[in-house]
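We number each residue from 1, following the sequence as shown. Indexing begins at 1, ligand by ligand and atom by atom, following the structure's order.
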Amino acid sequence: MSAIAAGPPRPDSPDSEPAVPGPATGPGDTGRSAVRSLLRLWPYVRPVRARLFTAALVAIVASCLGLVIPLILKWLVDGPIADRDADGVWLGGALLLTVGVLEALLFGLRRWLVARPLAGVEAAMRADLFRHLQRLPIAFHDRWASGQLLSRATADLQLLRLFLAFPLTFLLVNGTTILVGFGVLLVQEWTLGLVLLLPVVPLVLLCSVFEARYSRAARRAQDQIGDLTTVVEESVLGIRIIKGFGRHRSQARAFRALSHRLLGTELHKARLLAGIWAVIMTLPELAIGAALVLGTVQVADGELSAGTLVAFLTTALALRWPVESIGFLLAMSNEAATATDRYFEVMDEPLPPDTLTRGGPAPSAPAAPAPAAPVPADGLRFERVVFRYPDAPPDAPPVLDGVDLHVRSGETMALVGATGSGKTTLTALIPRLHEATSGRITLDGRDVAALPRDELRSLIAVAFEEPTLFSASVRENVLMGARSPEEAGQEELARALRVAQAEEFVNALPRGVETQVGEQGLSLSGGQRQRLALARAVVGRPRFLVLDDPLSALDVHTEALVEAALREVLAETTALVVAHRPSTVLLADRVALLSRGRITAVGTHHELLASSTEYRHLMSGEQREEER
Ligand SMILES: Nc1ncnc2c1ncn2[C@@H]1O[C@H](COP(=O)(O)OP(=O)(O)OP(=O)(O)O)[C@@H](O)[C@H]1O
Ligand SMILES: [Mg+2]
């Protein structure tokens, strides 16, 4: 997923655009309707619909109250002012003040009504996205750039909350206000009202053109924010490599190029917005000017009262903001529609079949191998397993091409093969991090594809090549591997740490097992991390243990100590251990050799040394060391 983790920008493309994997640009802009996109938000909005509608209603009332002001003015001008009635003027002033204050209070109430529920909507959507991301298969995460996911979970969701709080209500409110306002205008003086209505037709046409163009630009901008997030994230994660290779300048250049691209898109958006805004501001202004001239002529001719003209013009001016705001409300709605699309692009990714049924909270105690129905202790079997990565080129041969392997119950099998031969891939198929393309993998005779995931994961523990620790204490990191981390005791933790020979260094940490490690905590050495990962794998006393080169980062002495302790654990389980060195191979009862996608030889270390040239070759470097 992280392109830069593999190194700084490649020499063949010096400082050009950084590699941004994943479907950064979604379908988005072809034939998409903003309204249809936004309607998909309904399930999230439903729970707070009462509050939202009340808020909209309050805002409509407040906005229409604003339209009462011109009517009071009309009464003031034609009545008390014309009659020089001081009391009447005071009364009019008091009325105006009351209406104004009421309007302000109602708008305040609206804001109070929506703030909390909408924060809840945003939180719910984010939680759903996170849950979905956690359940999506590894193949999905291989395909998508993490920055794209991150920006969807943050920037896009923020846009959506803003949309629900503001443009959604105000499109409704301002639309209603405009309709009511024009009604009032037409009733007061229909000829002048028609003059004001004239610009509506070109405005609607221009807005629809604007909408289409703006939504394309919005989509581009949001995708580019995702790309930028990816670069920032990778630069932070890969900071050692960037510094080590002195690539900070080129990395900064790559960042600048991307942010320049984003700047261009944002400027394009601003230009579009400025254009539509100019039109939206100018046309009504011209119409009001024309109405003013016409109205004044009518007043001069005595066909219209001065009060009506004042009321008419004040109403027209009061409608300016609702009309003018339509432009940026449409723009914000468009961005929200794009954000919705981006959100649902991830949410629509199908989950692996058997995770679908589990909607509720995860069962607290994953089913242990049921004692009621004893299963034959058949061990671990691969039967004609073929696997091809979903994103591999179609003409590439499968990574695994008919693997047959039987790890007997209680046995420890070492898996040996050249680098890139597919060992990690093979181990990832057992806990179904990837699904086998064809063939079967069975645990004690039961097909892993048919086992519920919870049960499968409780049967197997894994330690991967690259030990990952989370920002949590040593205890939490290790007990993550226990069947029920809450119940696992001090004893199990101590035993796991002892097997991994991690006791000594953990005790030397400032707060022992409570020390925070991982990204935000104290950094550990590669070998220390590897030992904690190993402790995590063995803490739950799993029925099956899969270790991918678990001791590669340890010095010879520590390795020997871990091996001695590991033997105890291996004696109790069925294990598949990927090994590169003879010392690790010697932990195993038998060895399987993986070559060109198949298991080409199985036997003890010594048998294979005698019978397989490839095996001899793979082991030879270390062999000489050992013989010395
Ligand atoms: N996510 C992926 N998508 C496509 N191809 C992949 C992916 N991961 C690995 N591969 C390819 O699959 C092949 C086997 O990789 P794998 O990691 O299983 O090798 P390995 O035997 O574990 O190697 P090593 O000893 O170096 O750890 C490699 O050619 C690799 O390029
Ligand atoms: Mg590997």
Give me the residue, atom name and distance of the protein heavy atom closest to atom 27 (O) of ligand 1.
E465 OE2, 2.4 Å

Decide whether the shortest distance between a heavy atom of G417 and an atom of ligand 1 is less than 4.0 Å.
no

Would you mind reporting whether L593 and E614 have side-chain heavy atoms less than 4.5 Å apart?
yes

Could you check atom 28 (C) of ligand 1 against the protein and tell me its nearest heavy-atom contact, residue, atom and distance included?
G420 O, 3.8 Å

By number and element, which atoms of ligand 1 are closer than 4.0 Å to a non-hydrogen atom of G422?
14 (C), 16 (P), 18 (O), 19 (O), 20 (P), 21 (O)

Could you find the nearest protein heavy atom to atom 1 (N) of ligand 1 and give me its residue, atom name and distance?
D142 OD2, 3.0 Å

4.0 Å heavy-atom contact, A392 with ligand 1
no

Students should be able to answer this: which protein heavy-atom is nearest to atom 11 (C) of ligand 1, and at what distance?
Y389 CE1, 3.9 Å

Does a salt bridge link R567 with E563, judged by any charged N lying under 4.0 Å from a carboxylate O?
no

So, for atom 17 (O) of ligand 1, does the protein have a heavy atom nearer than 4.0 Å?
yes

Nearest-contact summary for atom 15 (O) of ligand 1 - protein heavy atom, Å:
T425 OG1, 3.7 Å

Would you call D454 and R457 a salt bridge, taking side-chain N to carboxylate O under 4.0 Å as the test?
no

Scan the protein's non-hydrogen atoms and note whether one is under 4.0 Å from atom 9 (C) of ligand 1.
yes

In the protein, which heavy atom is nearest to atom 3 (N) of ligand 1, and how far is it?
D391 OD1, 3.2 Å

Which protein non-hydrogen atom lies closest to atom 25 (O) of ligand 1, naming both residue and atom, and how far is it?
K423 NZ, 2.7 Å

Can a salt bridge be assigned to the pair R475 and E492 using a cut-off of 4.0 Å between side-chain N and carboxylate O?
no

Considering only NZ, NE, NH1 and NH2 on the basic side and carboxylate oxygens on the acidic side, decide whether R152 and E345 come within less than 4.0 Å.
yes

Any ion pair linking R143 and D391 (charged N to carboxylate O, less than 4.0 Å)?
no

Salt-bridge test for R40 and D341: reply yes if a basic N is under 4.0 Å from a carboxylate O, no otherwise.
no

Please write down residue, atom name and distance for the protein heavy atom closest to atom 22 (O) of ligand 1.
T424 OG1, 2.6 Å

Near H580, which atoms of ligand 1 are under 4.0 Å from a heavy atom of that residue?
25 (O)

Take the Mg ion (ligand 2) as the vertex and measure to OE2 of E465 and OG1 of T424; round to 10°.
120°

Please check if the distance between the ring centroids of H605 and Y615 is under 6.0 Å.
yes

Show your working on side-chain hydrogen bond (donor to acceptor under 3.5 Å, both in side chains) between R220 and T338 and close with a plain yes or no.
CA-CA 9 Å; R220 215 168 339 129; T338 311; over 6 Å; no

Taking C-beta and beyond as the side chain, do L149 and H141 meet within less than 4.5 Å on heavy atoms?
yes

